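Note sheet for the following structure.
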Amino acid sequence: MVICAVVSCKNNPDNTVGVSFHRFPNAQKKKDLYSKWIHAVNRVNPVSTSSTIDKLWTPNYHSVVCSEHFTPDSFTKNPCIVDSMNLTGFRVRLKPDAYPSLLLGQRAAIQCIKPAFKKRETQRVLAEACSEYIIRHQRENLNTPPPEPDSDDDTHEENTEALTVREKKDASMQTDIKKVLVKRTQTDEIVMKPIQRSIGTMTDFCEKPTLKSSATMTDDVAQKSVETMTDVAGVNIRCHDEDQEDSDSDDSTEDEDEDWLPPVDESDDDCEDTIGELDITDHQEDVVHRERKYIVYESCLKELLSSCRSCHEQCRVIIKSRLGTFVRMLSSCEACGMEYSWGSQPLTSRLPAGNLEVAGSILFTGASASKALQLFSNMNIMCISERTFRNIQCSYLIPAVRNVWMEYQTAALQLCEGRDVKVGGDARCCSPGHSAKYGSYSLMDLESGMILAVELVQVTETENSYRMEIEGLKRCLQNLKDRNIRITDLTTDRHVQVKSYMAKEETSIRHWFDVWHVAKGIFKKLQLLSKKKGCEQIKDWCHSISNHLYWAAATSDGDGDLVEEKWLSILNHVCDVHEGHGDRFQACEHPPLAERSWITKGSKADKELQLIVGNKRLVKDVRKLSPAQQTSQLEAYHKTVCHFAPKFHHFFYDAMNARVLLAAIHQNENTERRQAITKGGDLRWKVAYPKAKKGDHTLKAVLDTCSYEYVDRLMEEIFGLRRRYPSYEVAQETFRQECPPPMAAFGNRVDKGEAVRRYRTRFNR
């Protein structure tokens, strides 16, 4: 009996459905592949002697491995797509280099099949299924034996031929596949035409498989060979006349399938979900915001409602009312007097669901309301106004963001319970310089990368914008203390007020400085120094000195004295002196070096370099460089903050706070993003040429696609708030919070007319 060779796997053709079995590759022709199969199965020789106990088991001709131990990309046709099409009897083949990689207890990771790729793959599989179906039944009628496999074929398909076990019937008829018999006297040539789509019905079609006789080259018999509607293994294939033009070739490139490039003259449409017909008669989406939406033109609505439902006579179609994205239309029949009222979307406590979703989507994606609404206006799509957006934002969106952030923050803090937490802190201002209105301070768990606390500070709450950072830090630390989070280490930049506060008020927390911030300042000073006359040699040492700072911090385990000696040793090293640096660090640890552009001891370059490297304030800060945790993740997170709250847009306090919280929610949901891999299993990288490198390159890892599941949770929250508080006034009164007064409240109020009267310019005094 055929049974899977993997240890403890009991799959066999008698107890499994939808599982294929594949023989081992030929040991002589494909030794390397055969060895991979043997080691993957990892089966031990059953002979229990000391000489063979560790020897791997050797398969025989009948040994097989079931398809459950192969990843979906190991097959020539994705088994998930084949199963979804219910193609019974369809041979499942392995790729020539495939080998089992999923052993017992493991399953293939859930792969997200891009819609555009799935559509093209489905069309390809369907075309091959039609071809195999017709050829198979022609052979049955002509009693022609199938071709024997080529013995010299370099692939191992004859050894990995799938013993497919599929007992599925036709999904619609509950019967087996029809056999289409074609009586011919000559050998037929199969000509498969490309799959086409009808623009009117937006469903997939294929041309009639034209059977041309090699002797007469006529197509008369071919018209009877295939029925107009053929049901192949539960997949309806509609055929139409050959003279119908291929008017819509609709392969989507929206999903960026790297292995597919469209023809030069092919249209670039976004046809993602039009694989076959979609019956939505009995489908009802329980959650409104998850329902599909479409852009419908007014002329199409008129055509839809212009026929009377009762007598089928022509009706008058009237737009009765419109509220943002919602429209109420009335179809009135003058013949029978019947009136039919139609609404374009469901209502949530008298508020159109589309209005809520548009406003929520604008905020939750970090978009500008004015630009997003202008986009709809440019397309002449009826939408909400900016005033409506602000009402919805204040009433439901901002409270929903606060509620969801509390959930995410609680989940992040639960991971910190019972352990010492090492955090990184940094501020991000809404504009550069000392004229910022807002400063947001964030504390990140440097081990998990999650944001633990976020505080927004308005400049009117402090003496000036420079003091917003220390105020934000105080609030974040107090927030975590109130939740009993034990913070042992804090890594920040060298902000003077933060250094003073941590040294005087937070003595229980070890305060470290991020190496990147210190190294960046040193590198800039060295670059300027290298431009002075007599100091040109410094340019060759800028990167080496900067890298030396990283090495000194990373190899000293937080020992301040050792870090200081290692750092100052660079002054001897650049002068080709590698011994006698200090008591703790006496000599360089590098091997003998080749000849370099050494700096002469006592020269101008040496003296100027000592002023920078040996600066007392710098040396004091070098002693506190963080040995392990750095704030690089926090700096990257600031890019996310800039996405949701760009610096070139002004927001009021509530909206600004909500956008900062959205950035924290996005960060916490995507902390576990892995580096993306290619189809061959290699890690993906990209080469960038940033301005700071001045023509040099940098290598960056390409990460997996971001997750936006939090948007679904936010949508649920705003719809729930609308149902509980069905009016703007009630919601705003319920969720009203104290905010800092706006900047205009501190100005000298002036009458607008008086200001216009006194207005003068330099050119019209």
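We're numbering straight along the sequence, starting at 1. Quick caveat: nothing in here was measured; it's all calculated off a predicted structure.
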- In this structure, which one of Ile485, Leu443, Leu415 forms a side-chain contact (heavy atoms from CB on, under 4.5 Å) with Val421?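 Output: one option passes, namely Ile485.
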
Find the distance between [atom1] ([X]) and [atom2] ([Y]) and round it off to the nearest 0.5 Å.
| X | Y | atom1 | atom2 | value |
| --- | --- | --- | --- | --- |
| Met329 | Ser331 | CE | OG | 9.0 Å |
| Ile319 | Met382 | CD1 | CE | 9.0 Å |
| Asp489 | Ser626 | CG | OG | 7.5 Å |

[X] versus [Y]: any side-chain heavy-atom pair under 4.5 Å?
| X | Y | answer |
| --- | --- | --- |
| Arg724 | Thr734 | no |
| Glu506 | Tyr501 | yes |
| Tyr441 | Leu456 | no |
| Ile718 | Leu397 | yes |
| Gln458 | Lys437 | yes |
| Trp685 | Val702 | no |
| Leu480 | Leu413 | yes |
| Asn355 | Phe389 | no |

- Query: Is there a salt bridge (Lys or Arg N to Asp or Glu O under 4.0 Å) between Lys422 and Asp445 once you walk through the steps?
  - Reply: CA-CA 6 Å; Lys422 300 177 180 180; Asp445 180 7; over 6 Å; no

- Item | Worked verdict on Asp420 versus Arg486 for salt bridge (Lys or Arg N to Asp or Glu O under 4.0 Å) | CA-CA 6 Å; Asp420 296 338; Arg486 187 169 65 250; 2.6 Å; yes

- Item | Short N-O contact, Asp514 and Lys624, less than 4.0 angstrom |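 Looking at Asp514 and Lys624, the cut-off is not met.
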
- More than 12 non-hydrogen atoms from neighbouring residues, nucleotides or ligands closer than 6.0 Å to NZ on Lys647, yes or no?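 Count over threshold, so yes.
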
- Message: Before we go on, tell me: are the rings of Phe513 and His511 under 6.0 Å apart, centre to centre?
- Response: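 For Phe513 and His511, the ring centres are under 6.0 Å apart.
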
- Task: Kindly state whether the ring of Tyr725 and the ring of Phe735 have centres lying under 6.0 angstrom apart.
- Result: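 They qualify: ring centres under 6.0 Å apart.
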
- Query: Can you list the steps and then say if Glu505 with Lys474 is a salt bridge (Lys or Arg N to Asp or Glu O under 4.0 Å)?
  - Reply: CA-CA 10 Å; Glu505 305 295 336; Lys474 292 178 181 180; over 6 Å; no

- Task: Establish, for the pair Arg309 and Tyr340, whether the NZ or CZ atom is under 6.0 angstrom from the six-membered ring centre and no further than 45 degrees off its axis.
- Result: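 The answer is yes, since Arg309 meets both limits relative to Tyr340.
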
- Message: Determine whether Glu733 and Arg736 satisfy the following criterion, salt bridge (Lys or Arg N to Asp or Glu O under 4.0 Å), listing intermediate values before the conclusion.
- Response: CA-CA 5 Å; Glu733 186 64 28; Arg736 189 181 304 277; 3.5 Å; yes

- Message: Parallel, tilted or perpendicular, judged at 30° and 60°: which one describes the rings of His650 and Phe652?
- Response: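 It falls in the perpendicular class, over 60°.
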
